[in-house]
Each structure stands twice: as C-alpha cells, then as structure tokens.
Amino acid sequence: MKCNLLHLIHEHPAFASQRQLALAAGMDPKQMSRLSRNLLKGLHFETMQSLCLELDCTLDELFSIG
C-alpha cells in the first residue's frame, strides 16, 4: 500500500507543509513524516478520517495499492 500524502498536500492550498497538516489532523509531525515516506506500519482509523477531512479527499485518494 502506498500513501499519496505528499501529492495531496501539494495540491491542497491550506497546507504549506506536512507539519501544518499534522497539527491540523492531530498527528505527531514525526508520524506524518514516516507516513509520507511510506515507512509507517499502521494507522488508526480516526487518524485516517482526520487526514481525509483535512485534505478533503477519500481513502482511495490518500492510499493506493501497488
């Protein structure tokens, strides 16, 4: 599974950095960094929901398989 976080942040005008998104979504910036580099082993459903709400995207857009 691949996280498309960097692409979504780049397209979203409200967030200039991963750190801004992390704080808005209630995540630790270090966790956000690991997620953006596809190094995170797991993620809570609440966190995925927060990211989708903040980025105005779906799980299909946030994650892709392959």
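Positions are given from 1, in the same order as the sequence printed here.
For the atom pair CD of Gln18 and CG of Leu35, the computed distance is 8.5 Å after rounding to the nearest 0.5 Å. Rounded to the nearest 0.5 angstrom, Ser33 OG and Asp28 CG are separated by 9.5 Å.
Grouping the Ile, Leu, Val, Met, Phe, Trp and Tyr side chains by contacts below 4.5 angstrom, directly or via other members, places Phe45 apart from Leu53. Both Met48 and Leu21 belong to a single network of hydrophobic side chains, linked directly or stepwise wherever heavy atoms of I, L, V, M, F, W or Y lie under 4.5 Å apart.
Between Phe63 and Leu43 the shortest side-chain heavy-atom distance falls below 4.5 Å.
Remark: the backbone N or O of Lys2 is not paired with any side-chain donor or acceptor of Asn38 at under 3.5 angstrom. Listed for the Ser50 side chain is a donor-acceptor partner under 3.5 Å among the backbone atoms of Glu46.
Residues meeting the side chain to side chain contact (heavy atoms under 4.5 Å, CB included) test with Arg34, sequence neighbours left out: Lys30, Gln31, Arg37, Leu39, Leu40.
Taking every heavy atom of both residues into account, Thr58 and Cys52 meet most closely at C-SG, 3.7 Å. When all heavy atoms are compared, the tightest approach of Pro29 to Ala22 is CA-CB, 3.9 Å.
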Listed pairs under 3.5 Å, donor-acceptor, residues 4-16 side chains, sequence neighbours left out:
{"from": "Asn4", "atom 1": "ND2", "to": "Glu61", "atom 2": "O", "distance (Å)": "3.1"}
{"from": "His7", "atom 1": "NE2", "to": "Glu11", "atom 2": "OE2", "distance (Å)": "2.8"}
{"from": "His12", "atom 1": "ND1", "to": "Ala14", "atom 2": "N", "distance (Å)": "3.3"}
{"from": "His12", "atom 1": "NE2", "to": "Glu54", "atom 2": "O", "distance (Å)": "3.3"}

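When the shell of 6.0 Å around CG of Asp56 is examined, it contains 12 or fewer heavy atoms from other residues, nucleotides or ligands.
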